[in-house]
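Throughout, protein chains are lettered first and strands after them, A, B, ... in sequence-line order, and every chain is numbered starting at 1. Excluded from the calculations below are hydrogen atoms, water molecules and symmetry mates; all remaining heavy atoms, backbone and side chain alike, are included.
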2 protein chains.
Amino acid sequence: MNSNNVTIYDVAREAGVSMATVSRVVNGNPNVKPTTRKKVQDAIDRLGYRPNAVARGLASKKTTTVGVIVPDISNIFFADLARGIEDVATMYKYNIILGNSDSSRDKEVHLLNTLLGKQVDGIIFMGGRLHEDLVEEFKKSPVPIVLAATLNQGYDLPAVNIDYEQAAYDATQMLINHGHDRVGFITGPLEQQINGEKKFAGYRRALEDAGLPFHDNDMILGNYTYASGLEAMQKMLQRDDCPKAIFAGTDEMALGVIHAIQDAGFSVPNDFEVVGHDNTRLATMIRPKLTTVVQPMYDIGAVAMRLLTKILNAEEIEEKNVVLPHRIERRDSLRQD
Amino acid sequence: MNSNNVTIYDVAREAGVSMATVSRVVNGNPNVKPTTRKKVQDAIDRLGYRPNAVARGLASKKTTTVGVIVPDISNIFFADLARGIEDVATMYKYNIILGNSDSSRDKEVHLLNTLLGKQVDGIIFMGGRLHEDLVEEFKKSPVPIVLAATLNQGYDLPAVNIDYEQAAYDATQMLINHGHDRVGFITGPLEQQINGEKKFAGYRRALEDAGLPFHDNDMILGNYTYASGLEAMQKMLQRDDCPKAIFAGTDEMALGVIHAIQDAGFSVPNDFEVVGHDNTRLATMIRPKLTTVVQPMYDIGAVAMRLLTKILNAEEIEEKNVVLPHRIERRDSLRQD
DNA sequence: CATGCGATATAAAACGTTTCCATTTGGAAA
DNA sequence: TTTCCAAATGGAAACGTTTTATATCGCATG
């Protein structure tokens, strides 16, 4: 570990110029004579100079680093988002500091403050719901914050989402159109706006528009996991009037649902039809392959990061509330039309 | 966005003490009279002071930030590792800057240099193989580097792994013990030491120990994905002498293998038996549930980060080359004994 | 041959901490 | 009281850049 303590001053001396000139060369400032530039560049190469980003950050008040807060990076869903963010960040020469919140209010607030302390230039946040304490912190933030796959509430932040209500409507309607007069709905906790207000609303609207009644017990809430999907479906299967069509709030839950059905000796899609949500890699790793609502997590991450760069560069922003298109990817868990 | 420009100097003035004293309070230095401490703490609260980590980093030459380089965070496998790293990092008050390399030498080198420029206190690296250019860079690193689930080569870095050779041996042997005289082996590219030297060697050793010959065409190489596992197995199924037991290098490939078998009208485990590798969440999301070698990615990440903190704190280190225990998780893709 | 002006280059002041060293304080011992 | 020492505090230099204000250079112009 030979340490690297060659500073801009050393380069300046080596090249016979001032620190300021070296700084200009390093930062690509055009006001440098080509011969000088070359002289400096050579000195840099010779000495193996690498600018100290921390000193740079202190002097310029920019760190070219953004903070990313997600509930849990080990979840394929957030991981995909993170990848989208990182790719665009790299493209614009930013790095990301990643933190897991486990959707805990305390961790979210703590993480936010840590990131601000580290002087990140901006933050991308993803979380199930926006606790008001957190919104208060957001309001005090000296740097811009962009929400990714997270609904705004109480404070108008830039955000990137799909239309969850319409997506749920489309999925439910598709099942209804296949002749079902009951559609089961298995999703995450209703306290999360995305379920309680969006998906649920879309589901009910589709029923209504088809003139179907809403049955309370056709909806079961889980915690997004495979196990909770499996369990929910097992419970539903015990009923005589069990719906033969299921819309699951996530792919992982949909996998659980399908396996519960198969374990009970039924066939998908012949006896039961299932539609998932998110179109994670899982969707094609099951038999039958899963029909699912496409929520383009990678794209959401990428667009959110791009939006953040625009804000940071004070570029023109046409719409700070971006709604990306969704669609339903038809696969084998649905019968052919 | 009300900016936050209250500095340590403002706090000092507000509390009627010197900057040095405020610094001591903030850093928990014991040499401060309780009454003074209180006075300063009050001023901090009143002003909403938040220390500037960048300035702190410049002055102290410590950033409490570590760099993490993984091939692709959107892969469940690396995501799990990252979570292990982050959890332990948080525990020790570090943050992580995460970067994706796509296993590209250029990106790895570039990322490494960016991280060093940002003055991270240490780095955790994961990658399929250690290109010699990268090793050269590692040698020049002013901060410690720890390898996670990555085999050392050419330079003796601290590393955390499992015994891949033995794990492959165990898996193959288990299949042989089930009465198979041929065992198919479907894994990633052999250039990667982990396949070419470790898993392959374990596989062969198991065959040898059982007095079985090695058939060249019983081994098919893919790229770790579901699709490549599916394809490999389809190819193998076309042969008359197709092995009825398969050891797959990753769970995702194993899923592909199982589906290929099922698509061809056979049953797992009755007609074919399959063992995977890694024990990702996928293993229980398939029917039959997958028997698989447990590679504890979360733990590897956690231990790697812990190891890094030990190095950073100059703590006693018993063994810088950690080999975590592995085991085989028996599930339904293997017949009962 | 002086003048003026853009293009380049320099010097030095920030940036907000930590840390080393010096100084003050307060109380116990003499 | 005085003396001494440890504990508590303060002052100021360092950390490695960017940036602003200022100076110099080179050259066309009159």
Review point. So what does B:Thr21 touch, heavy atoms closer than 4.0 Å: a base, only the sugar-phosphate, or nothing?
Key: sugar-phosphate
Practice item. Provide, to the nearest angstrom, the distance between the OH atom belonging to B:Tyr9 and the P atom belonging to C:dT18. Key: 17 Å
Point to revise | Short N-O contact, B:Lys320 and B:Asp156, less than 4.0 angstrom | key: yes
**Study point:** Residues which pass salt bridge (Lys or Arg N to Asp or Glu O under 4.0 Å) with B:Glu136, listed by chain and number, not counting sequence neighbours
**Key:** B:Lys139
Exercise for review: Would you classify A:Val17 as touching base, sugar-phosphate or nothing, given that sugar-phosphate means primed atoms plus P, OP1 and OP2, and contacts are heavy atoms under 4.0 Å?
Suggested key: sugar-phosphate
Point to revise | Axial bend angle, the helix from C:dC1-D:dG30 to C:dA30-D:dT1: five-pair end segments, nearest 10° | key: 50°
Review point. Has A:Asn31 got a side-chain N or O lying under 4.0 Å from the OP1 or OP2 atom of C:dA9?
Key: no
Study note, to complete from the structure: Hits for salt bridge (Lys or Arg N to Asp or Glu O under 4.0 Å) against A:Asp102, two or more places apart or cross-chain, chain-then-number order -> A:Lys107, B:Arg83
Check your understanding: Between B:Thr65 and A:Lys118, is any side-chain donor less than 3.5 angstrom from a side-chain acceptor?
Key -> yes
Check your understanding: Nearest-Å distance, CZ (A:Arg13) to P (D:dG16)?
Key -> 13 Å
**Study point:** A:Asn27 CG - D:dT17 P separation (whole Å)
**Key:** 11 Å
**Study point:** Separation of atom CG in A:Asn29 from atom P in D:dT18, rounded to whole Å
**Key:** 11 Å
Review point. Applying side chain to side chain donor-acceptor pair (under 3.5 Å), which residue pairs with at least one partner in residues 28-39 of chain B are found, sequence neighbours left out?
Key: B:Lys38-B:Asp42
Check your understanding: Residues in side chain to side chain contact (heavy atoms under 4.5 Å, CB included) with B:Ala159, at least two apart?
Key -> B:Leu147, B:Asn152, B:Asn161, B:Asn321
Report all interatomic pairs (protein N or O, nucleotide N or O of nucleotides 22-27 of chain C) with separations under 3.5 Å.
none

Review point. What nucleic acid atoms does B:Val54 come within less than 4.0 Å of, heavy atoms only: base, sugar-phosphate, or nothing?
Key: nothing
Practice item. Send over the distance from A:Ile8 CD1 to C:dA12 P, rounded to a whole Å. Key: 16 Å
Practice item. Return no unless some side-chain N or O of B:Ser18 is found under 4.0 Å from OP1 or OP2 of D:dG11. Key: no
Practice item. Applying salt bridge (Lys or Arg N to Asp or Glu O under 4.0 Å), name anything that partners A:Glu318, two or more places apart in sequence or on another chain. Key: A:Lys310
Exercise for review: Let me know the distance between NZ of A:Lys62 and P of C:dA14, rounded to the nearest Å.
Suggested key: 20 Å
Protein-nucleotides 12-15 of chain D N/O pairs under 3.5 Å:
residue	atom	partner	partner atom	Å
D:dC15	O3'	B:Lys61	NZ	3.4
D:dC15	O2	B:Ala59	N	3.4

**Study point:** Qualifying residues under side chain to side chain contact (heavy atoms under 4.5 Å, CB included), relative to B:Ser18, sequence neighbours excluded
**Key:** B:Ala20, B:Thr21
Exercise for review: Check side chain to side chain contact (heavy atoms under 4.5 Å, CB included) between B:Leu115 and all other residues, then give those that pass, not counting sequence neighbours.
Suggested key: B:Ile69, B:Ile97, B:Val120, B:Ile123
Practice item. For B:Tyr224, enumerate each residue passing the ring pair (Phe, Tyr, Trp, His ring centres under 6.0 Å) test, keeping only those at least two apart in sequence or located in another chain. Key: none
Review point. Which residue pairs pass the ring-ring contact (aromatic ring centres under 6.0 Å, His included) test with at least one member in residues 67-94 of chain A, sequence neighbours excluded?
Key: none
